[in-house]
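Heads up: the structure comes next, in structure tokens.
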Amino acid sequence: MKLILLGPPGAGKGTQAVRLAEHFGIPQISTGDILRKAVKEGTELGALAKKYMDSGGLVPDEVVVGIIRERMTEPDCGKGYILDGFPRTIAQAEALDEMLEKLGTQMDHVVNISVGDEEVIRRLTGRRTCPNCGAGYHILFDPPKQEGICDKCGGKLIQRDDDKEETIRARLDVYRHQTEPLIAYYEEKHLLRTIPGEGNMEEIFSAILKALDKNPAKATA
Ligand code: AMP
């Protein structure tokens, strides 16, 4: 099964991608995670990506397309994958279509998780992560036992630079202008399913599985 998760920042794509990857036994490919890892490791790619990420802008198409091209050839992608945060522009979607065509295959589903701007801001400004062990929290919905401290390893929790309100507004603007046109792009290909993203994690997960079932293409890996 080859699946794309679309939606604004903070729609819960990452959380749902992890659940779906487990459910179908296929990898989750997140360009955001790959880029953040490169920044943390101080690689050349990381240095390039950081300046775009910190301002809420998009990393150039050719860079992320290169990352995906390489990642998709790894053996664990044989049964399919879940793309989380890619494609984010029409040019990326076209490059992806070209890659898939060369491999003689195509996407099975595109799930759009729909969430309004104010809800995105509420969710993202409250997000905290542990830089030590990677555990995630939310100051309103999933707070740590002791404020600012990781329950799992005692690390000091941080807020992602791109989760500050000003940057979130910039990311939303980028989303509306550059990524939202993908909804029509995949609608035209009859691959799109839109799910309201404002329920709890379990409800959204069930709604996605139900939507995949309705698509006659393929609902299993
Ligand atoms: P995410 O974790 O998916 O919200 O991504 C965090 C940041 O990484 C974005 O705000 C972009 O700067 C960058 N990024 C992730 N995926 C892409 C992509 N497909 N194209 C361009 N930039 C990306």
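For ligands, and for the atoms within them, numbers begin at 1 and follow the listed sequence.
Closer than 4.0 angstrom to ligand 1 by heavy atom are Thr31, Gly32, Leu35, Arg36, Met53, Gly57, Leu58, Val59, Val64, Gly85, Phe86, Arg88, Gln92, Arg160, Asp162, Arg171, sorted by chain and number.
A search for salt bridge (charged side-chain N to carboxylate O under 4.0 Å, His left out) contacts involving Asp61 returns nothing, not counting sequence neighbours. Scanning for salt bridge (charged side-chain N to carboxylate O under 4.0 Å, His left out) contacts around Asp173 gives an empty result, with sequence neighbours left out. Residues passing the side chain to side chain donor-acceptor pair (under 3.5 Å) test with Arg128: none are found, sequence neighbours excluded.
Side-chain atoms of Thr31 come within 3.5 Å of backbone atoms of Gly85 as a donor-acceptor pair (strictly under, hydrogens ignored).
With 3.5 Å as the limit, one finds no donor-acceptor pair spanning the side chains of Thr125 and Lys164. The closest side-chain donor-acceptor pair between Tyr175 and Asp117, if any, does not fall under 3.5 angstrom.
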